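Only one structure is covered here, and it is reproduced in the block below.
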Amino acid sequence: MAGSKAVQKEVKEFMTGLKRRNPHEGEFHQAVQELVETVMPYYLDHDQFRKWRILERMTEPDRVVMFRVTWSDDTGTIRANKAWRVQFNNAIGPYKGGMRFHPSVTLSVLKFLGFEQCFKNALTGLPMGGAKGGSNFNPKGRSDLEIMRFCHSLMTELFRHIGESKDVPAGDIGVGAREIGYMFGQYKRLENNFVGVLTGKGLEYGGSLIRKEATGYGTVYFAQNMLNHIDDSVEGKDVVVSGSGNVATYAIEKVLHYGGKPLTASDSGGSIYDPDGIDEEKLEFIKQLKEVRRGRISEYAEKYSSAKYLEGKRPWGVKCDIALPCATQNELNADDAKELIDNGVRVVAEGANMPSTLEAVHHFLDAGVLFGPAKAANAGGVAVSGLEQSQNSLRISWDAEEVDGRLQNIMKDIHAKCVKYGEGDGKVNYVAGANIAGFEKVAAAMVAYGVV
Ligand code: NDP
Ligand code: 2IT
């Protein structure tokens, strides 16, 4: 293995070039830095990858489509939003990755997400390349009809760039079953073709059981695998969760199944802390609140007197054994990491994409916390998307037990890959393990194609 000084020098030089080529893309720089820091020693030891300049090629998307989405709101006012689809890399399969609707969406955000998706998808063992898309559209407070007009308009451009063997979008922040339905309906109409071009579809029109639950369940399966590896388990543990959307809700549900105690949930307004624990009945309230009524998490504290509402605060100050960041990028910084470590956290599994800053990750690793990075820990969502594609191609539907069983096996397998590539000195560095395992698969496929 190359010496650490030489490695650091190569990382620095590589990042200088990447930042020069991609100015003002902080999130993208961060995601690449995290990968390159851990992959560089492996890269320097593998001449075939260096010779083919795989890292330089892999950090440049295959293509980016940028377009305008024009729609009219309920008052008749014309609106125009920006939208993108970043088709990052299809070396190991058709492009695959979610669509995000949120005012914070920029090209940099979608490039970081698309880049990480390539390695995450590789880890699942399924044939899926990496992509991400989305818009700076803010769905909050919009009526169903406004959402529908926006989704139809977006698909009126996007349809020509996607396809069941080309690029298969799915959900992400601000894009759930409702939005997928509107987008799929418009795709089908424009192409006159009923194929599995989106995943996360409703069960009535080709969706898969367990897709809705998959990311949150998968994150807790991953945490359970990390704990089982040291002869421990989620049972009896205090768990702090951020977010109250799709990923957070089903992470809380699986913690309950495993006998853990979920203590918190949050949204962009603040966090709720329930020292009595969020039980099945309280979780049902959150599901109704968020999936049906689209309300604020503060209502939980109005309903349950056991809970406190921490306005404008993230939940990282609450003492816990396990932390599951499940909201958004950079929601857990160095100070939060120190506080969690001081309070005795033993496991962090990232349900969201890049929720921990690079400094926070370094703190967790230095403190010996079992840290499951997003690429590995939240791969369950896209894995079941891959299974939805398989079911669509086969024109069959597996039952929930079948899909959940496959999901559990995939998460176990990802854990094993992280151990294989990240074990040293009796410890597992899951960041290095996930990055190297994902990188190796994509890189080997790129080498096989020659210079393209
Ligand atoms: P949802 O839209 O269902 O929920 C997002 C949650 O995060 C909401 O509680 C939202 O609060 C909160 N949130 C979003 N942005 C911010 C912000 N800037 N500050 C504070 N809170 C915020 O999205 P998902 O649950 O699907 O996604 C959550 C994370 O998981 C994202 O990082 C996503 O990329 C990742 N992920 C999702 C997968 C999936 O299958 N859905 C798969 C793998 C990863 P509010 O309502 O107030 O905005
Ligand atoms: O970040 C992710 O992995 C997702 N939003 C899910 C992508 C997918 O294609 O299911």
Side-chain angles (χ1 to χ4, degrees), residues 27 93-105 109-110 112-121 123-124 126 128-134 138-141 162 167-180 196-201 207-208 210-219 222 241-252 265-272 286-287 289-291 294-298 312-315 324-332 350-356 374-389:
E27 294 85 359
Y95 300 110
K96 181 85 196 84
M99 293 290 289
R100 176 177 292 190
F101 295 168
H102 194 272
S104 64
V105 166
V109 167
L110 297 178
F112 114 65
L113 289 162
F115 179 70
E116 295 213 327
Q117 198 81 45
C118 301
F119 310 102
K120 183 197 303 192
N121 293 3
L123 286 171
T124 67
L126 300 172
M128 301 182 290
K132 199 82 184 193
N138 184 1
K140 266 197 207 102
I162 62 175
D167 183 357
V168 181
D172 194 80
I173 292 177
V175 179
R178 176 181 60 169
E179 292 74 19
I180 295 289
V197 69
L198 293 172
T199 59
K201 298 185 293 297
S208 174
I210 306 293
R211 175 61 189 89
K212 185 170 69 165
E213 295 84 352
T215 312
Y217 279 16
T219 300
F222 196 82
V241 179
S242 68
S244 51
N246 173 265
V247 179
T249 304
Y250 293 96
I252 291 173
S266 69
D267 62 21
S268 54
S271 307
I272 56 101
I286 295 179
K287 285 186 189 173
L289 175 71
K290 289 291 177 180
E291 290 176 7
R294 300 181 193 275
R296 310 307 301 155
I297 200 68
S298 54
K313 291 232 164 71
R314 293 176 168 148
L324 305 176
C326 296
T328 193
Q329 66 268 7
N330 292 329
E331 56 166 317
L332 197 164
E350 295 188 320
N353 285 309
M354 207 168 74
S356 316
K375 282 184 200 80
N378 74 34
V382 75
V384 173
S385 278
L387 300 179
E388 183 173 330
Q389 289 178 267

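Since we're looking at a predicted model, the values are computed, not measured. Each ligand, and each atom within it, is numbered from 1 in the order the structure gives.
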Examine the side chains of [X] and [Y] and answer whether a donor and an acceptor come within less than 3.5 Å of each other.
| X | Y | answer |
| --- | --- | --- |
| N353 | K120 | yes |
| S242 | E331 | yes |
| T219 | E350 | no |
| S268 | R296 | yes |

Nearest heavy atom to [atom]: which of [options] does it belong to?
| atom | options | value |
| --- | --- | --- |
| atom 30 (O) of ligand 1 | V175, V247, D267, I297 | V247 |
| atom 8 (C) of ligand 2 | G114, A214, A170 | A170 |
| atom 41 (N) of ligand 1 | N246, T219, T199 | N246 |
| atom 12 (C) of ligand 1 | G351, P355, A327 | A327 |
| atom 36 (N) of ligand 1 | I173, N353, I286, V382 | N353 |

Can you find a non-hydrogen atom of [X] under 4.0 Å from ligand 1?
| X | answer |
| --- | --- |
| S104 | no |
| R211 | yes |
| M354 | no |
| S266 | yes |

Ligand 2 contact on R211 by region, counting heavy-atom pairs under 4.0 Å: side chain
Under-4.0 Å heavy-atom contact with ligand 2, by part of N353 that carries it: side chain
I want to check something: taking the side chain as every heavy atom from C-beta on, are [X] and [Y] in contact at a cut-off of under 4.5 Å?
| X | Y | value |
| --- | --- | --- |
| R314 | L332 | no |
| L126 | N121 | no |
| T328 | I173 | yes |
| L113 | R100 | yes |
| Q389 | T199 | yes |
| M354 | K375 | no |

Ignoring angles and geometry beyond distance, decide whether [X] reaches within less than 3.5 Å of ligand 1 through its nitrogen or oxygen atoms.
| X | result |
| --- | --- |
| K132 | no |
| S244 | yes |
| G174 | yes |

Please list the nearest protein heavy atom to [atom] with its residue and the distance rounded to 0.1 Å.
| atom | result |
| --- | --- |
| atom 4 (O) of ligand 1 | G245 CA, 3.3 Å |
| atom 17 (C) of ligand 1 | T328 CG2, 3.5 Å |
| atom 4 (C) of ligand 2 | K132 NZ, 3.8 Å |
| atom 33 (C) of ligand 1 | D172 OD1, 3.2 Å |

Under 4.0 Å from any heavy atom of [X], which atoms of ligand 2 are there?
| X | result |
| --- | --- |
| G98 | 7 (C) |
| S385 | 8 (C), 9 (O), 10 (O) |
| K120 | 1 (O), 2 (C), 3 (O) |
| K96 | 8 (C), 9 (O) |

Atom 10 (C) of ligand 1: any protein heavy atom closer than 4.0 Å: no
Which of the ligand 1 atoms, numbered from 1, are nearer than 4.0 Å to a heavy atom of [X]:
| X | answer |
| --- | --- |
| S268 | 11 (O), 20 (C), 21 (N), 45 (P), 47 (O), 48 (O) |
| K140 | 45 (P), 46 (O), 47 (O), 48 (O) |
| A352 | 29 (C), 30 (O), 32 (O), 35 (C) |
| R296 | 45 (P), 46 (O), 47 (O) |
| R100 | 31 (C), 32 (O), 33 (C), 34 (O) |

Shortest non-hydrogen separation from A352 to A374 and the atoms involved: O-CB, 3.3 Å
Distance, nearest 0.5 Å, that separates [atom1] of [X] from [atom2] of [Y]:
| X | Y | atom1 | atom2 | result |
| --- | --- | --- | --- | --- |
| I286 | I272 | CD1 | CD1 | 5.0 Å |
| S385 | M128 | OG | CE | 7.5 Å |
| I210 | Y250 | CD1 | OH | 10.0 Å |
| I252 | K287 | CD1 | NZ | 10.0 Å |
| I297 | S244 | CD1 | OG | 4.0 Å |

Contact (N/O only, under 3.5 Å) between G171 and ligand 2: yes
Under 4.0 Å, heavy-atom basis, I'd like to know which part of [X] is in contact with ligand 1: side chain, backbone, both or neither.
| X | answer |
| --- | --- |
| C326 | backbone |
| T215 | side chain |
| Q329 | neither |
| H102 | side chain |

Salt bridge present between D167 and K96 (N-O < 4.0 angstrom): no
Whether over 12 other heavy atoms sit under 6.0 Å from K313 NZ: no
Qualifying residue, where the test is salt bridge (charged side-chain N to carboxylate O under 4.0 Å, His left out) with E388 and the options are K201, K212, R211: K201
